[in-house]
Structure formats: C-alpha cells, structure tokens
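Working notes, structure below.
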Amino acid sequence: MPAFTYPETGATRRRPLPRGYDHLQHRAPVGRGRASFEAAGAAVTEWRMHRATGFLVAASADRAEVGASVEVALRLGPLRVKAPCEVVWTEYTGERIGFAYGTLDGHPERGEESFVVELADDGTVWFAVTAFSRPALWYSRMAGPFVRVLQRSYARYLGRTLRRIAAT
C-alpha cells in the first residue's frame, strides 16, 4: 500500500490545520433543501463534480471510501499532470457528506484536501473545500505562488460546478 507524502493524515477533519503548509478554506452555497443536498453529496463522493470540471478521474471505488485510490489528472496539450491520492476519511450523515484525500508519491503537492457538502438548519446547502499543501515536485516549486492562485480558483470553480449539478 502506498505511503502518504505527509505525516498529518486526517488533519482536514480536525482543526487547526497543520503549520508549515499553505492553507485553503473555501465555502460557498450551492443549493437549498434535502434534494439539493443529496444531489450535491452524491456528485462529490461519486467523483462527478471533479469530472464535470474537465479533470480525468481514475478511482478504485465508485464512491469515496477510506483507502480508495484516486488519480486526478489534467491534460495540458500533449502533457498530462497526474495527482495520485488516497481517500483518508469519509462522512455520510444526514447533514454532512464528503471526504478527504491525501497525496501519494508523484503528486505535485504534499498534503490533504477535503470536499464536504453540509445541510444547514435553514435549508441552505453549503460546499466546503479545506486543504493544506506545499510543493512536492520541482515544477510545483518553480510555479511558486501561482499554484496557490490556481488552487483557490479551482475551489471556486468546483463550487460553481456543484451548484449547477445540485440544481438539476
């Protein structure tokens, strides 16, 4: 079984996030009501949200489960940037659905990222991305602060994508 590339496995579920990493916390409303919550939760945990953004996803399970391997990849012209991960934790409750995956060897970053859908008491469906990471490969180190800008933009894009999915 591959080893994680960071020691703080599961830290996106606990607070505070570990020191020595860049932190990302993004939260956005994506719908209202139980049906929207369930649709958004399924899209997140069944990899449809990531695929809908144009990323390629290869997972060892149809739905997020602890220990499942996940490789998210992006094609940039003839190049393909791969990001191998493993699911660290999941949550499937009446008010929260989501998971986190941690980085494995070959991932451009070192750290963990969670994707959680929450149903608030007022019926609002929220989507939250929480991550901590630092560069692991030469090209992510060279890209410097640009990587952080991309990560934040991608989190917002995931929220917009999930809003569209939850509305259908």
Side-chain angles (χ1 to χ4, degrees), residues 4-6 8-13 15 17-18 20-31 36-37 39-59 63-64 68-91 96-118 125-168:
F4 291 104
T5 59
Y6 64 103
E8 302 90 352
T9 307
T12 53
R13 187 174 237 174
R15 297 293 188 275
L17 294 175
Y21 295 88
D22 291 308
H23 296 167
L24 168 65
Q25 295 186 46
H26 174 72
R27 190 169 184 252
V30 294
S36 181
F37 167 73
V44 166
T45 59
E46 295 170 4
W47 321 115
R48 286 184 284 132
M49 175 188 67
H50 283 83
R51 287 185 177 119
T53 64
F55 278 76
L56 306 170
V57 179
R63 178 174 123 151
S69 62
V70 183
E71 183 178 89
V72 180
L74 176 64
R75 278 201 184 109
L76 300 170
L79 301 174
R80 190 172 180 171
V81 178
K82 296 179 182 181
C85 300
E86 183 177 307
V87 176
V88 174
W89 60 262
T90 61
E91 186 167 347
R96 282 175 55 92
I97 299 173
F99 73 96
Y101 51 43
T103 58
L104 303 174
D105 279 334
H107 195 292
E109 294 287 305
R110 199 179 301 280
E112 189 173 294
E113 189 167 23
S114 70
F115 309 92
V116 177
V117 177
E118 297 176 293
V125 178
W126 291 92
F127 171 62
V129 178
T130 303
F132 61 92
S133 63
R134 60 180 172 229
L137 300 177
W138 67 269
Y139 58 87
S140 55
R141 283 191 292 274
M142 278 186 54
F146 184 63
V147 172
R148 306 298 156 239
V149 171
L150 286 176
Q151 287 174 328
R152 286 171 182 12
S153 295
Y154 185 58
R156 287 191 297 273
Y157 185 48
L158 287 173
R160 289 191 304 272
T161 301
L162 193 57
R163 188 177 306 120
R164 283 192 302 274
I165 291 170
T168 57

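Side-chain atoms of Arg134 never come within 3.5 Å of backbone atoms of Asp22 as a donor-acceptor pair (strictly under, hydrogens ignored). Glu112 places no side-chain N or O within 3.5 Å of a backbone atom of Thr9 that could act as its donor or acceptor partner.
Side-chain rings of Tyr154 and Phe55 approach one another, their centers coming within less than 6.0 Å. Centroid-to-centroid, the aromatic rings of Tyr6 and Tyr21 stay 6.0 Å apart or farther. Between Trp47 and Phe115, a ring centre-to-centre spacing not shorter than 6.0 Å is recorded.
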If you apply the rule side-chain contact (heavy atoms from CB on, under 4.5 Å), what do you find for Thr45 with Thr90, and how did you get there? CA-CA 9 Å; Thr45 59; Thr90 61; over 6 Å; no

Please test Leu158 against His26 for side-chain contact (heavy atoms from CB on, under 4.5 Å), starting from the C-alpha separation and ending with a verdict. CA-CA 10 Å; Leu158 287 173; His26 174 72; over 6 Å; no

Please walk me through it: do Arg80 and Leu56 pass side-chain contact (heavy atoms from CB on, under 4.5 Å)? CA-CA 10 Å; Arg80 190 172 180 171; Leu56 306 170; 3.4 Å; yes

Under the side-chain contact (heavy atoms from CB on, under 4.5 Å) rule, what do Thr130 and Arg15 come out as? Steps first, then yes or no, please. CA-CA 11 Å; Thr130 303; Arg15 297 293 188 275; 3.4 Å; yes

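Atom-to-atom distance recorded for Tyr101:OH and Ser69:OG is 12.5 Å, nearest 0.5 angstrom. Rounding to the nearest 0.5 angstrom, the gap separating the CD atom in Gln151 from the CZ atom in Phe146 is 11.5 Å. The OG1 atom of Thr161 lies 12.5 Å from the CZ atom of Arg156; values are rounded to the nearest 0.5 Å. Here the CD atom belonging to Glu71 is positioned 10.0 Å from the CG atom belonging to Leu104, to the nearest 0.5 angstrom.
Applying the side chain to side chain contact (heavy atoms under 4.5 Å, CB included) rule to Thr5 yields the partners Thr103, Asp105, Arg110; only residues at least two apart in sequence or on another chain are considered. Listed by chain and number, the residues in a salt bridge (Lys or Arg N to Asp or Glu O under 4.0 Å) with Arg13 are Glu91 (sequence neighbours excluded). Annotation: salt bridge (Lys or Arg N to Asp or Glu O under 4.0 Å) contacts of Glu118 (sequence neighbours excluded): Arg27, Arg96.
The heavy-atom pair separating Val125 from Ala40 by the smallest distance is CG1-CB, 4.5 Å. Taking both residues in full, the closest heavy atoms of Leu24 and Ala155 are given as CD2-CB, 4.1 Å, listed atom of the first, atom of the second, then distance. What you find for Ala131 and Leu17 is that their closest heavy atoms are O-CD1, 3.8 Å. Listed here is the closest heavy atom pair of Gly102 and Val88: N-CG2, 3.5 Å. Scanning both residues, Val57 and His50, for their nearest heavy atoms gives CG2-CB, 3.7 Å. Residues Ser140 and Pro108 approach most closely at OG-O, 2.5 Å, considering heavy atoms.
In the displayed structure, Arg75 atom CZ is contacted under 6.0 Å by at most 12 heavy atoms of other residues, nucleotides or ligands.
The pair Arg148-Glu109 meets the salt-bridge criterion, since a charged nitrogen lies less than 4.0 angstrom from a carboxylate oxygen.
Side-chain contact check for Trp89 and Thr12: at least one donor-acceptor pair (N or O, by modelled atom type) lies under 3.5 Å.
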